[in-house]
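Basis for what follows: all heavy atoms, side chains included, without hydrogens, waters or symmetry-related copies. Convention: sequence-line order gives letters A, B, ...; per-chain numbering from 1.
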Amino acid sequence: MHDIRALRENPEPYVKGWDSKGLSGSGLVGEITALDAKLRAAQTAWQTAQAERNDASKKIGQAKAGKDEAEAQRLMAQVEALKTTLETAQAEEREASQALNDLLAGLPNIPAEDVPWGKDEHDNVEVRRWGTPFAIAKPKDHVDLGEGLGLMDFEAAARMSGARFVVLKGELARLERALGQFMLDLQTREHGYLEVSPPLMVNDAAAYGTDKLPKFADQLFQTTDGRWLIPTAEVPLTSLVMGQIVAEEELPLRFTALTPCFRSEAGASGRDTRGMIRQHQFYKCELVSITAPEQSAAEHERMVECAEAVLKRLELPFRTMLLCTGDMGFGARKTYDLEVWLPSQETYREISSCSNVGDFQARRMDARSRAAGEKGTRFVHTLNGSGLAVGRTLVALMENYQDEGGRIAIPQALHPYLPGLTHIGGQG
RNA sequence: GGAGAGGUGGCUGAGUGGUCGAAAGCACCGCACUCGAAAUGCGGCGUGCCUUUACGGGCACCGUGGGUUCGAAUCCCACCCUCUCCGCCA
């Protein structure tokens with residue numbers, strides 16, 4: 001949610017910010033300012049009428065206490081006359097408030113100053129690159145590899161669930177599990193994140209607070225009783241501070257969770273239809289930080305390094321991209337994507353996204369902090385990142401570690417999690 | 001799922017139609033006492049919003065949303081959540 005006061009006092013950053021996201025900044029700001037003025041006028045009118053009523057009511061109480069029934073009757077008639085004024089004033093206030101809220105709730109966050117201006121992914125900036133793509137002659141993709149091994153079955157998944165699902169079996173299922181454990185252990189033991197096992201279903205408030213609602217309801221799966229399947233553990237992890245006032249001394253809070261993620265992928269038909277790249281359900285090890293406002297930029301850099309560490313340990317070539325204004329997600333002020341090398345596509349593909357959300361979600365969910373001895377509170381900053389998407393990591397690992405015979409080598413870092421297994425597809 | 005109890009400020013907890021934004025205690029802050037601290041005493045101390053150059057004024061908030069009433073923390077309805085007992089169950 002946006003700070004209407006800040007927007008009122010200094011609209012330029014909002015105009016620029018929304019312009020940079022391909023929206024009409026000046027148009028939106030004009031609309032918001034007009035609605036805001038309307039709301040405040042309605043508020044004042046309503047409050048004036050209420051003050052009048054409250055005053056009369058108080059006098060009625062006094063008159064009754066003084067047994068002055070005639071005066072009480074006179075005042076009651078006076079209040080009665082106010083009734084329609086009150087009702088219309090209230091209706092106007094509600095309408096204006098609703099309109100302003102609806103508009104603001106659907107508008108994306110303002111990019112940070114140091115985010116490159118751009119339209120789409122072509123304007124993203126590579127900030128660093130790690131590792132060198134392996135020389136693989138005629139690389140197979142993970143589908144051919146997995147089906148060749150008899151351990152990856154899209155057809156069985158389609159029969160029971162439909163498109164965009166997969167069945168993993170045997171050593172591939174075990175590899176997926178090992179990857180998840182490895183990521184979780186790395187982030188908790190070496191990077192100080194607190195392991196959390198959160199609910200996979202959340203209510204409207206949690207989905208709204210993490211800016212998935214109202215705009216992206218069609219991207220989510222909803223249960224018959226109205227809850228939402230989490231599209232990422234960002235939702236429950238960030239919601240840990242929803243409505244809370246945390247002690248500033250305890251910041252930053254760092255949470256991680258390995259959970260399934262559920263996405264409807266509405267509107268993605270035709271994109272990445274083959275294989276495990278884009279699924280309705282996948283595991284992800286998520287990182288979430290809750291920080292004081294002045295900590296968030298540094299925490300963001302740290303978080304990216306925590307995600308990069310996974311790829312480095314797994315010895316998978318990747319590059320780190322700073323997303324341009326037009327390619328960033330709805331809530332982000334600044335986002336780094338990690339892209340891993342996929343030999344079959346001869347390109348880098350997104351495997352992690354780390355965003356500094358600023359106070360955007362904190363305002364929506366009313367998450368604040370208070371310094372010891374201080375009276376006031378302020379909104380915290382929230383950050384989230386993948387550390388990493390397990391399904392895509394599995395894909396990257398299979399494709400990068402394949403040999404001519406279609407076997408998959410297991411990188412050193414995973415050996416503790418897969419004792420005795422050096423290759424998938426027969427030992428040798 | 002059934003029966004009952006309950007949701008009040010940072011916390012505990014009183015309040016059951018009008019002078020209650022809310023007693024009291026704890027916590028916290030300031031002052032006094034003290035070499036200092038503790039103890040004690042005095043004072044202060046909710047949030048959001050509107051309005052005002054300022055002092056200030058006003059509105060809302062006692063789980064959420066409706067309703068009754070001139071007036072609701074207080075009465076009524078629905079929902080959510082917590083606790084106790086029963087049932088069922090991984």
Side-chain angles (χ1 to χ4, degrees), chain A residues 1-9 32-105 197-209 213-214 222-228 236 239-251 260 359 362-380:
Chain A
M1 186 50 75
H2 298 281
D3 184 352
I4 185 69
R5 218 183 224 165
L7 187 149
R8 196 189 295 148
E9 283 163 14
I32 291 163
T33 309
L35 274 173
D36 178 47
K38 195 175 159 198
L39 170 62
R40 285 190 293 159
Q43 245 170 7
T44 305
W46 185 31
Q47 290 183 3
T48 306
Q50 283 181 115
E52 209 176 316
R53 182 205 56 196
N54 289 349
D55 188 51
S57 288
K58 195 170 274 182
K59 283 182 185 153
I60 290 169
Q62 287 164 358
K64 291 216 167 181
K67 301 284 187 217
D68 187 350
E69 200 53 39
E71 174 68 0
Q73 287 302 324
R74 193 187 67 75
L75 288 162
M76 281 163 77
Q78 186 185 320
V79 175
E80 181 63 26
L82 258 177
K83 210 166 188 175
T84 49
T85 313
L86 268 164
E87 274 168 10
T88 50
Q90 180 184 31
E92 275 169 28
E93 196 274 348
R94 279 195 186 182
E95 197 186 319
S97 164
Q98 178 90 46
L100 183 59
N101 257 329
D102 287 353
L103 180 59
L104 287 177
S197 175
L200 306 182
M201 294 180 222
V202 296
N203 59 24
D204 286 352
Y208 175 82
L213 289 181
Q222 188 164 31
T223 63
T224 52
D225 66 354
R227 289 174 232 276
W228 306 91
S239 296
L240 285 170
V241 294
M242 174 165 63
Q244 302 296 301
I245 298 173
V246 301
E248 199 139 325
E249 297 70 37
E250 288 172 22
L251 300 177
D359 64 5
R363 286 177 180 280
R364 286 177 166 245
M365 65 172 66
D366 192 26
R368 293 170 291 164
S369 66
R370 173 164 21 224
E374 291 289 315
K375 249 177 68 113
T377 58
R378 50 186 190 156
F379 292 112
V380 296

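Of the side-chain N and O atoms in A:Asn54, one or more sit less than 4.0 angstrom from OP1 or OP2 of B:rC59. Remark: A:Arg40 is in phosphate contact with B:rU51, judged by side-chain N or O atoms under 4.0 Å from OP1 or OP2. The side chain of A:Arg370 places no N or O atom within less than 4.0 Å of a non-bridging phosphate oxygen (OP1 or OP2) of B:rA27. For the OP1/OP2 pair of B:rG66 and a distance below 4.0 Å, the side-chain nitrogens and oxygens of A:Arg94 include at least one atom meeting the criterion.
Residue A:Arg74 is out of contact with every strand shown, counting any heavy-atom pair closer than 4.0 Å. Using a 4.0 Å heavy-atom distance criterion, A:Arg378 is classed as making no nucleic acid contact. Looking at heavy-atom distances under 4.0 Å, A:Arg227 makes no contact with the nucleic acid at all. Across all strands shown, A:Ala56 has no heavy atoms under 4.0 Å from either base or sugar-phosphate atoms. Residue contacts for A:Ile60: at a heavy-atom cut-off of 4.0 Å it reaches a base atom on one of the strands shown.
Of the candidates B:rC70, B:rC59, B:rC50, the closest approach to any side-chain atom of A:Arg8 belongs to B:rC50. The listed nucleotides are B:rG58, B:rU51, B:rC70; the one nearest the side chain of A:Val79 is B:rC70.
Rounded to whole Å, the separation between the C1' atoms of B:rC11 and B:rG46 comes to 13 Å. With both ends at atom P, the span from B:rU68 to B:rA23 equals 31 Å, rounded to whole Å. Atom name P, nucleotides B:rG18 and B:rG71: the rounded distance is 15 Å, in whole Å. Using atom P as the reference point in both B:rC70 and B:rC79, the two lie 28 Å apart (nearest Å). Comparing B:rA39 with B:rU34, their C1' atoms sit 11 Å apart, to the nearest whole Å. Separating the P atom of B:rU40 from that of B:rG25 is a span of 12 Å, rounded to the nearest Å. Using atom P as the reference point in both B:rA72 and B:rG67, the two lie 12 Å apart (nearest Å). Straight-line distance between the C1' atoms of B:rA24 and B:rA14: roughly 7 Å, to the nearest whole Å.
Of the possible donor and acceptor atoms, one in the side chain of A:Ser57 sits under 3.5 Å from a partner among the backbone N and O of A:Arg53. At distances below 3.5 Å, at least one donor-acceptor pair connects side-chain atoms of A:Asn203 with backbone N or O atoms of A:Ala206.
Position along RNA chain B of the nearest nucleotide to A:Arg5 versus A:Leu75 favours A:Arg5 as the more 5'-ward residue. Nearer to the 5' terminus of RNA chain B, by closest-nucleotide assignment, is the contact made by A:Ser57 (compared with the other of A:Gln47 and A:Ser57).
The neighbour count for A:Arg227 CZ, taken as heavy atoms of other residues, nucleotides or ligands under 6.0 Å away, does not exceed 12.
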Base-pair map of RNA chain B as dot-bracket, where | denotes pairing with a different strand and pairs are Watson-Crick or G-U under 3.5 Å = ((((((((.[[[..)..(.....]]].(((((.......))))).((((((....)))))).[[[[[..)....]]]]])))))))....

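Using a 4.0 Å cut-off between charged nitrogen and carboxylate oxygen, A:Arg5 and A:Asp3 do not count as a salt-bridge pair. A salt bridge between A:Lys38 and A:Glu92 is absent, with no side-chain N of the basic residue lying under 4.0 Å from a carboxylate O of the acidic one. Checked for salt-bridge contact, A:Asp366 and A:Arg368 meet the test: a charged N lies under 4.0 Å from a carboxylate O.
The shortest distance between side-chain heavy atoms of A:Gln78 and A:Leu82 does not fall below 4.5 Å.
In this structure, A:Arg94 CZ and A:Asn101 CG are separated by 13.0 Å, a value rounded to the nearest 0.5 Å.
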